[in-house]
Amino acid sequence: MAHRAQLDRRTFLRGAGAAALLGGARPISALDFSSGSLNPGSQVVDFDAPFDRTGTDCTKWDGAVQDYGDVIEFGMGIADTDFRTAPCITRALAERCAHENWGYLRRPAKYAEAVSEWNQRRYGVEIDPGDLVWTTGVHSALIAALQTFAPPGTRVLMTTPVYSGFYTDLRFTRTVAEDSQMTLEDGRYSIDYDDFERRAARSNVFILCNPQNPTGNCWSPEDLMRMGEICLRHRVVVLADEIHCDFVNHGQTYTPFASLPDREIVNNSLTYKAASKSFNLAAMKVSWYYSTNPDLLARVRSNTRADMPTLGLVANHAALTEGEPWLDQLLPYVDANQDFAEQYIRDHVPHVTYRKAEGTYLAWLDVSEVVEAIGAKDTATRESVASVNPVAPEDVVQRWFAENAGVFLGPGNDYGTGGAGHMRMNLGTQRRRIQHALDNMAAALAQI
Ligand SMILES: Cc1ncc(COP(=O)(O)O)c(C=O)c1O
């Protein structure tokens with residue numbers, strides 16, 4: 001820690017406000033929602049404003065400290081964001097909290113209508129509100145689908161590296177991962193279709209991640225059609241997880257699987273969504289799935305039970321009906337974070353390479369040189385002998401960055417085949433924090 005840039009969390013919180021690049025516009029403050037005339041579209045949100053989440057039992061910061069102790073200065077792991085929420089959400093929650101009763105809840109049509117209108121407006125996808133099934137998170141929804149289509153012991157196809165959480169869903173349903181490792185050229189991942197088809201032929205289900213966590217790939221209509229066509233031919237049901245779909249960087253496009261021009265391909269799928277990434281509502285536990293195929297939908301629905309939380313529905317309704325202007329300011333900010341990280345890593349951080357993601361607020365860092373430089377493979381082999389669970393070189397790299405740079409990153413081996421030599425860094429935070437974390441990493445790496 002001695003080499004680390006001399007910027008700790010407290011210094012950051014004191015100083016970062018001065019860096020707000022507002023050009024004189026009035027930022028939305030915590031309590032602006034008290035104004036009845038607030039029009040969030042007319043105000044500039046200050047995403048640079050410092051915001052401290054420590055001490056709230058959040059996984060991203062408090063969980064990292066729990067794992068590695070007080071050396072942690074920057075929690076850059078789990079996929080949520082560090083910004084003050086949209087004022088419309090705080091206002092709706094405050095109004096609901098003022099009525100102090102928390103009994104069982106109905107779910108009037110306005111909730112499903114808000115989801116349907118949002119999807120129509122933003123992505124051009126028509127969803128009949130009656131075809132929408134609520135769940136308390138995408139995980140429980142995927143688990144219901146796996147329990148429907150993939151009995152224990154059967155295989156679930158994924159293009160890897162892919163979101164680590166899918167593997168926990170597979171463990172829960174006792175299904176088997178069928179990793180189709182993507183090929184990597186000039187920092188961009190592509191699907192190896194021969195491998196994909198060979199594995200599809202022995203799988204029951206394909207979990208599509210679009211945009212893909214952790215690589216950021218926004219799949220093109222051609223790729224989606226090709227994957228969809230292979231899955232249809234081999235009777236593999238497509239579960240399209242599109243939870244990251246709002247985070248699409250400039251020059252890129254999000255194509256909803258359900259918008260593909262071939263009805264048979266679309267009818268072989270279910271789509272999984274939430275506002276939880278876009279509005280940082282992950283612990284509010286609201287998500288939904290839908291399908292154009294009434295048979296698939298009915299089968300999964302019969303395995304789904306979700307009693308929705310009051311505050312979750314209130315927050316989601318506010319986000320979907322009033323939060324768009326806020327989100328439309330967040331997205332370019334996060335896109336600029338991605339540009340910033342790519343450039344800053346290239347200019348300042350030795351042994352790490354990063355090519356900007358097409359979507360998501362995640363950065364998939366190539367740290368293969370760090371693995372070599374710190375002897376992570378030997379350490380992992382040695383520690384595995386003494387440990388009940390195998391230790392991967394990326395686990396060693398995670399610990400090394402935590403202890404030497406105070407930065408918590410996600411180890412690449414958690415993301416399936418092809419995750420070796422990588423770490424996932426969450427860029428959904430204030431830009432100054434990204435800079436400080438990268439400075440810390442650069443200072444530590446300069447010593448090796
Ligand atoms: C691709 C993807 N799917 C699902 C989830 C988790 O969704 P939920 O919190 O709604 O269960 C995440 C969280 O990071 C994710 O990245």
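The first residue of the sequence shown is numbered 1, and numbering continues consecutively from there. In listed order, ligands and their atoms are each counted from 1. Fair warning: this is a prediction, and the values are worked out from it, not measured in the lab.
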Chemist: List every atom of ligand 1 that sits less than 4.0 Å from any heavy atom of Ala79, numbering the atoms from 1 in the order shown and giving each element.
Modeler: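 Every atom of ligand 1 under 4.0 Å from some heavy atom of Ala79: 14 (O).
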Chemist: If the threshold is 4.0 Å, N to carboxylate O, is there a salt bridge linking Arg198 and Asp192?
Modeler: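 The answer is no: the pair does not qualify as a salt bridge.
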Chemist: Mind checking whether Cys209 contacts ligand 1 via backbone (N, CA, C, O), side chain (CB onward), both or neither, at a 4.0 Å heavy-atom cut-off?
Modeler: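 Side chain only; the backbone of Cys209 stays clear of ligand 1.
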Chemist: Specify whether Phe47 and Tyr333 have parallel, tilted or perpendicular ring planes, treating 30° as the upper limit for parallel and 60° as the lower limit for perpendicular.
Modeler: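 Phe47 vs Tyr333 ring planes: tilted.
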Chemist: Using a strict 4.0 Å threshold on nitrogen-to-oxygen distance, state whether Arg226 and Asp223 make a salt bridge.
Modeler: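 Looking at Asp223 together with Arg226, the answer is no, because their closest N to O distance does not fall below 4.0 Å.
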Chemist: Using distance alone, decide if ligand 1 has a nitrogen or oxygen within less than 3.5 Å of any nitrogen or oxygen in Gly137.
Modeler: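 Looking only at distances, the answer is no, because the N/O contact criterion of under 3.5 Å is not met.
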Chemist: Assess the pair Phe257 and Trp219: is the distance between their ring centroids shorter than 6.0 Å?
Modeler: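 No, the ring of Phe257 stays outside the 6.0 Å limit from the ring of Trp219, centre to centre.
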Chemist: For ligand 1, which atoms have a heavy atom of His244 less than 4.0 angstrom away?
Modeler: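 Those qualifying, in numeric order: 1 (C), 15 (C), 16 (O).
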Chemist: Relative to the heavy atoms of Asp241, which atoms of ligand 1 are at a distance of less than 4.0 Å?
Modeler: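 Every atom of ligand 1 under 4.0 Å from some heavy atom of Asp241: 1 (C), 2 (C), 3 (N), 4 (C).
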Chemist: Parallel, tilted or perpendicular: which one describes the rings of His348 and Tyr344, with boundaries at 30° and 60°?
Modeler: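 Correct class here is tilted.
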Chemist: Counting only heavy atoms, tell me which of Ile243, Asp169, Val162 gets closest to atom 7 (O) of ligand 1.
Modeler: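 Result: the heavy atom closest to atom 7 (O) of ligand 1 is in Ile243.
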Chemist: Purely on distance, is any nitrogen or oxygen of Ser287 under 3.5 Å from one on ligand 1?
Modeler: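 There is no such contact.
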Chemist: Return yes or no for this condition: an N or O of Ser276 is under 3.5 Å from an N or O of ligand 1.
Modeler: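 Checking ligand 1 against Ser276, no N or O pair falls under 3.5 Å apart.
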Chemist: Should the ring pair Trp364 and His422 be called parallel, tilted or perpendicular, given that the plane angle runs from 0 to 90° and is split at 30 and 60?
Modeler: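 Parallel: the ring planes of Trp364 and His422 meet at under 30°.
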Chemist: For ligand 1, note which part of Val138 has a heavy atom under 4.0 Å away: side chain, backbone, both or neither.
Modeler: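 Looking at Val138 and ligand 1, atoms from backbone and side chain both fall under 4.0 Å.
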Chemist: Of the listed options (Lys277, His139, Gln212, Lys285), which comes nearest to atom 14 (O) of ligand 1 when hydrogens are ignored and any heavy atom counts?
Modeler: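 The option holding the nearest heavy atom is Lys277.
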Chemist: Between Arg53 and Asp82, does any NZ, NE, NH1 or NH2 come within less than 4.0 Å of an OD or OE carboxylate oxygen?
Modeler: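 So Asp82 pairs with Arg53 through a salt bridge.
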